[in-house]
Engineer: 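Here it is, the structure in full.
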Amino acid sequence: MIEKNYQPADIEVRIAAAWEAAGAFKAGRADRVDAEPYTIVIPPPNVTGSLHMGHALNNTLQDILCRFERMRGRDVLWQPGTDHAGIATQMVVERQLMERKEPGRRDMGREKFLERVWQWKAESGGVIVNQLKRLGASCDWSRERFTMDEGLSRAVVKVFVQLHREGLIYKDKRLVNWDPKLLTAISDLEVQQIEVKGSLWHLRYPLEGKVFDPEDPTTFIVVATTRPETMLGDSAVAVNPEDERYVALIGKHVILPLVGRKIPIVGDDYSDPEKGSGAVKITPAHDFNDFEVGRRHNLPQISILDIEGRLALDGNEDYLRGLPEGSAQLVEELHGMERFAARKSIVARLEDFGFLEKIEPNTHAVPHGDRSGVVIEPYLTDQWYVDAKTMAQPAIAAVRSGATEFVPKNWEKTYFEWMDNIQPWCISRQLWWGHQIPAWYGPDGKVFVAETEEEAVGHALGYYVEQEVITAEQGHDMALDPALREGFITRDEDVLDTWFSSALWPFSTLGWPDDNTDVERYYPTNVLVTGFDIIFFWVARMMMMGMHFMKDVPFPTIYIHALVRDEKGAKMSKSKGNVIDPLHLIDDYGADALRFTLSAMAAQGRDIKLAPQRVEGYRNFATKLWNACRFAEMNECALPADFDPTKATEVVNRWIAHETARATREVTEAIEAYRFNDAAGAAYRFVWNVYCDWYLELAKPVMMGEDSPAKTETRAMVAWARDEILKLLHPFMPFITEELWAVTAARTGLLALTPWPLKSRCGLTREQEALIIATASSDPLVAPIMLGDPAVVPDFKDDAAEAEIGWVVDLVTAVRSVRAEMNITPATLTPLVLAGASAETQARALRWSDVVKRLARLGDISFADRSPDGAVQLLIRGEVVALPLKGVIDLGAEQTRLEKELAKAEADIKRVDAKLSNEKFVANAPEEIVEEEKEKRAEAVARKEKVLEAMQRLKGAV
RNA sequence: GGGCGCGUAGCUCAGCGGGAGAGCACCUCGUUGACAUCGAGGGGGUCACAGGUUCGAUCCCUGUCGCGCCCA
C-alpha cells in the first residue's frame, strides 16, 4: 500500500537501512564472483570535511555509474574512504585545543598531540561519511579506508623507500614556498597568486668608488623592487647586457645602502630593460628568479629571515660576512622585526639617507598560502623532492596514446600543459600529522632510508662501525637499546605531503602491497570522476604512481565534471555567504530531488549554476512518479509472472512498450557516454510527458470499464512500464524508486540488484539501423542486440501503434487548443465531425472515441463527407476534423485564428520555395534533404487550401 | 602575457550544418474518478557583434566586444 503523500525523509532512512542489511553494495558478492568487475575509487574527502555541493555532484555522478553497472550485472566496487588532510586536520585540532584553553601543540609534544588527533578523528572524523550515505552513495562501506590507516601507511613507506632507492626521491637545499604562519614548506600547487595593489620602490645603490650624491645620477644606480626589506640579503645588482644605459657598469660594484656590503653588478637576461629602472636587485635567498640568477653568477645566498618571517640578523654569518665596522647598530635595531614592519622601517631609513628615489603604485601577483592565507616566503631549506619530471613521462605517454582518456577531451590540453612543465614536487612538510618520512640521520647528517627503524638503524650502525666512528661493540649495544642510540641516530621529523598518499589511492586501498588479490581483480579501475580543480594535485600524481608501481594506468577514463556555483555564477565561499548546503536541500526536498537536479544540470564542459528552485521542480517530479504509482495501485495493476509485453495486442499497450524501449535506449546510451543531463532529461520526459500525460490517460477508459481481456492486458502493461520506469530512474533517484519497488508488488529482491532493461531497436534512426546492419557482418553479435533480435532482447518496435497514438495525441491537442482560444468552458461538450475521413481514420476514431471524448471534452463524434457550415476546421495528419460550433464560437476570434494559420502556411511555402527555386540547392544538397523540402511544401500547400476553405465556410456561417 | 571556456526566451540552461528547445517565472482557464508538489492552453528570442566558408550557419572559420576560470 502506497502512502498518500510522498515523504522523502521517512523513506530515505528506511531504504538506507534495507540496503545496508542486504549488503547490497558489497563488492565480490557471491552472486557476482563470475561477473566482470566495475571499479571506481572515490576521491577521498578530507576527514575534516563536511558535504558541500561539489561533493554532492561528484558522488551523485559516481553513484549513477555504480548503480547503473550494478544493475547491468557487474561486480561493482565503489571504494570509499577519507583523506587525513595533513594541514587541515592539524589546524582543526589545534583550534580545538585553543578553544578549550588546553596546552598548545608544542607544549604538548608530538606524541601526545598525535594521540589527540586520532581521538578527534575517532569522534568527529565520520561526519562526511554519514553525509555521503545520506546522499545515497552506494559505496562498499565495509571497505572504507583512511590514508593513515596501517595498510595505506605501509604502501606509503614502501613507495617512498623504493623511489628513494631509484633516485626518484631526493633531498635538496633550494628555495621552497615557506608558510611563515604554519611553519612548513608547501608545494607550488598550494600557493595561490593573488593580485595585490602594492608599490614599486626605486632605490639608489651607490657605485663603489664614488661619493654618493642623491642629486648626481652618475654616483649611483637605481634598482626597482616590490620587496625593499629583502635588500638586506642582496648579493648583486643585475642589468641586461643589451641595455646600453648600464652595459659599462657590468663588472663594477655597488655598496649596499644601510648595510655597506660590496656587491657586484652582473649582466643577465633576467633583467628586463622595460621594467622598472631596468636594473634589478638580486636576493638569491628570497626570490625564485633571483635564486636562478645567483646560481648563474655564483652569488652567495644570504637568508635574512627566520621561519616566522622575522628579520634574523644577529649571529647570521651569511649576513655579517664582509660587513664594515659599525654594522652592529643596524643589526641590533632590526633583528627580530616582523617582515612587514621591517619593510616600513627600512624604507624610512633609506629615505632618510636619500636612497629612495620614488615610489610607484604597482599591482602585482603575490603568493599566498591556500590554507593559511598569509604571504608565502621563498625560503632556503632542505626538503625532500620527487623527481616529477621523470615520473611524468609514462603518465604523459599514457594519455597521448589514449590508454587514458579525459572526458571532455579538452582537459587533456590542461594536463599536458602542466605535465610538460612540471617542477620537482616538494613532498616534505614540517607538520606532525601525516606519514613521517622513513629517513634516519647519523651524527654527520648522513641519511639512511628504510622501511623500518630496525633496518635503517642496522644500516646506519654498520656504516659507522665501518667508518670507525663507533666500535662494533657500541654498535651492537645501540642496536639493542634505543635509549643508547638517542642523539646518535635520529629520525627525520617531517611528514609527507597529504597528496603523496592519495596518489597511491587506486591501489593502496585494494590491499597493495600486503595482499594483491583485489589489486588483480579491481585494478585498473574503470573511471575516475572528479573536478578539474584537482587534476594537478591528484589526477596527475595518481597517473605517475600508477604507471610506476602498477605498470598500468589507474583508470582508462577520467570524467571531469563542472564546478557548482551559485545561481549567479559566483564560486561558493563562506566569506561571500553564498554557500548552498546540500544537506539543507536534502532536508527540504529529499536526496533524490537533489541528485536528479545535479544530474540534469551536469552538461559536459559547463559549470553548474544552481538555483534551489530547480531542486523544488525535481521534487515535484518525484511526487509525480509517486502519484502515478498510486494510480496504478488503485487500479489493481499488477504484473503477472507470465506476462510478455511483446505479445500485447492493444494498440496503446504496444505503443507504450515501444516508447519505453525508446526511453531505455536513450537513458542507457546517455549514461554510457557520461551524458548525465541527457540521461536525466530523457527519463524525465518519458515519465512525465509520455507515461503520465498520455499513457495513463489513454488507459483510463479501459481500466474504468468492464472486465475484459483488454483491461487485463492494460493493467499488466501499466505495471510493466512502471517497473521499467523504476529501473531507469533508480541510478538517479535511488530512494524513492527502491521504496516504490518494494511497495508496488511482492518482490524477490532489491531494485538496486535488479537487472537493467536491455536496449532494443526502438529509438534508432534509419541511419543508425543501416549502420548497424552494415557493421553486423564483421561482428555478428552486435546486430541482434542493437536491433532488438527477439532471440536476444524483446523487440518492441511498432511504427503502426506509434502512428495511431500519434493521431490521437494530435487530435486531442488540437481540439484543446481551439477550445482554449475560443474560450469554451470545460463544461461545454462540443461535437466533432470527421469530414471525408479515410476508412483507417474512421476506425481509429471509433476505437478511441471514449478517450478522445474525455480528454478533449467532446460530445458526439460523427462522420460526414464535408464539414458543416460555420464549423471550426482543424487539420489532423492531413485530414479535416470539424468542430461545429455555430452559436458557441466567437466568429471574430475564429477568423483571427485562421488568418494566423494562413500566414504561417504561406510563410512556410515561401521559405521552402526560396530553397527549391535555388538551382544550387537542388544540385548540391543531399537528395533526402531536397525530398524533405518538397514534402514540406506539399504539406504546407494542403494546409493553406484547408484554411482557405475554412475561411469560406466561416463566411457562409455569418 | 599564455591557455581553456562562455555569451541562445525575464532567469537557469540544452541544442551545435538543413523548419529555434526545456525547466522555472509570467498570462488565461480549470474542484474532468493518481497528482493543485496538479491539469489544459498561451505570450515571449535579428541564437553578443562583424566578416568569411557553404546551395544553406545559432551551429564551422577569422576578427571584435563582454564575462568567467586556470597558469605565468
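Model, not experiment: these values are computed from the prediction. Chain letters run A, B, ... following the sequence lines, proteins first, then strands; residues in each count from 1.
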Engineer: For nucleotides 16-25 of chain B, just jot down a letter per nucleotide in 5' to 3' order: B, S or -, based on protein non-hydrogen atoms under 4.0 Å.
Structural biologist: --BB----SS

Engineer: Distances under 3.5 Å only, N/O to N/O: pair up the protein atoms with those of nucleotides 27-33 of chain B.
Structural biologist:
none

Engineer: With sugar-phosphate meaning primed atoms plus P, OP1 and OP2, does A:Cys692 contact a base, only sugar-phosphate, or nothing at under 4.0 Å between heavy atoms?
Structural biologist: base

Engineer: Name the stems that RNA chain B belongs to, where each is three or more consecutive Watson-Crick or G-U pairs with both distances under 3.5 Å?
Structural biologist: B:1-7 with B:65-71, B:10-13 with B:21-24, B:26-30 with B:38-42, B:48-52 with B:60-64

Engineer: For A:Phe536, give me all partners under ring-ring contact (aromatic ring centres under 6.0 Å, His included), at least two apart in sequence or on another chain.
Structural biologist: A:Trp418

Engineer: Take atom CG of A:Asp693 and atom C1' of B:G41, then tell me their distance rounded to the nearest Å.
Structural biologist: 13 Å

Engineer: When the C1' atoms of B:A48 and B:G18 are considered, how many whole Å apart are they?
Structural biologist: 24 Å

Engineer: Would you call the rings of A:Trp411 and A:Phe532 parallel, tilted or perpendicular, taking 30° and 60° as the class edges?
Structural biologist: parallel

Engineer: Considering only distance and modelled atom types, tabulate donor-acceptor pairs under 3.5 Å from the side chains of residues 596-603 of chain A, sequence neighbours left out.
Structural biologist:
unit_1: A:Thr597; atom_1: OG1; unit_2: A:Ala593; atom_2: O; d: 2.6
unit_1: A:Ser599; atom_1: OG; unit_2: A:Arg595; atom_2: O; d: 2.6
unit_1: A:Ser599; atom_1: OG; unit_2: A:Phe596; atom_2: O; d: 3.3

Engineer: With A:Phe921, which residues qualify under ring-ring contact (aromatic ring centres under 6.0 Å, His included), at least two apart?
Structural biologist: none

Engineer: Taking salt bridge (charged side-chain N to carboxylate O under 4.0 Å, His left out) as the test, write out the residues that go with A:Lys700, two or more places apart.
Structural biologist: A:Glu697

Engineer: Quick one about A:Thr830 and A:Arg857 (side-chain donor to acceptor, distance below 3.5 Å, no hydrogens or angles considered), yes or no?
Structural biologist: no

Engineer: Please enumerate all residues that pass side-chain contact (heavy atoms from CB on, under 4.5 Å) together with A:Asp588, with sequence neighbours excluded.
Structural biologist: none

Engineer: Considering only the C1' atoms, how many Å lie between B:G30 and B:C59, rounded to the nearest integer?
Structural biologist: 41 Å

Engineer: For A:Arg630, report the nucleic acid contact type (base, sugar-phosphate, nothing); a contact means any heavy atom under 4.0 Å.
Structural biologist: sugar-phosphate

Engineer: Expected output is a numbered-order residue list: members of residues 810-819 of chain A with a heavy atom under 4.0 Å from any atom of RNA chain B. What is it?
Structural biologist: A:Thr813, A:Arg816, A:Ser817

Engineer: If we count only N and O atoms by modelled type, under 3.5 Å, do the side chains of A:Tyr695 and A:Asn653 hold a donor and an acceptor together?
Structural biologist: yes

Engineer: When you measure from the centre of the six-membered ring of A:Phe416, is the NZ or CZ of A:Arg400 closer than 6.0 Å and no more than 45° off the axis?
Structural biologist: yes

Engineer: Write down the distance separating the P atoms in B:A20 and B:G45, rounded off to the nearest Å.
Structural biologist: 14 Å

Engineer: Determine, stepwise, if the pair A:Tyr559 / A:Phe676 fulfils ring pair (Phe, Tyr, Trp, His ring centres under 6.0 Å).
Structural biologist: CA-CA 11 Å; A:Tyr559 176 79; A:Phe676 299 99; 5.4 Å; yes

Engineer: Please classify the nucleic acid contact of A:Glu935 as base, sugar-phosphate, or nothing, using heavy-atom distances under 4.0 Å.
Structural biologist: nothing

Engineer: Could you work out, with ring-ring contact (aromatic ring centres under 6.0 Å, His included) as the rule, every residue matching A:Trp720, not counting sequence neighbours?
Structural biologist: A:Phe796

Engineer: Determine the interatomic distance between C1' on B:A22 and the same-named atom on B:G15; round to the nearest Å.
Structural biologist: 10 Å

Engineer: Given the structure, check if the side chain of A:Lys624 and the base of B:C35 hold any donor-acceptor pair shorter than 3.5 Å.
Structural biologist: yes

Engineer: Using a 4.0 Å heavy-atom cut-off across all strands, classify A:Ala628 as base, sugar-phosphate, or nothing.
Structural biologist: base

Engineer: By salt bridge (charged side-chain N to carboxylate O under 4.0 Å, His left out), which residues pair with A:Arg816, not counting sequence neighbours?
Structural biologist: none

Engineer: Between A:Glu190 and A:Ser187, does any side-chain donor sit less than 3.5 Å from a side-chain acceptor?
Structural biologist: yes

Engineer: Measuring only the P atom in each nucleotide, how far is B:A72 from B:A14? A whole number of Å is fine.
Structural biologist: 29 Å

Engineer: How would you list, by chain and number, every residue that makes a ring-ring contact (aromatic ring centres under 6.0 Å, His included) with A:Tyr589, sequence neighbours excluded?
Structural biologist: none

Engineer: Could one point to a donor on the side chain of A:Glu697 or the base of B:A34 with an acceptor on the other under 3.5 Å away?
Structural biologist: yes

Engineer: Using atom P of each nucleotide, how far apart are B:C35 and B:G42 to the nearest Å?
Structural biologist: 25 Å

Engineer: If we take the C1' atom in both B:C6 and B:G44, what is their distance in whole Å?
Structural biologist: 24 Å

Engineer: If I pick the C1' atom on B:C29 and the same atom on B:G66, what distance separates them, to the nearest angstrom?
Structural biologist: 43 Å

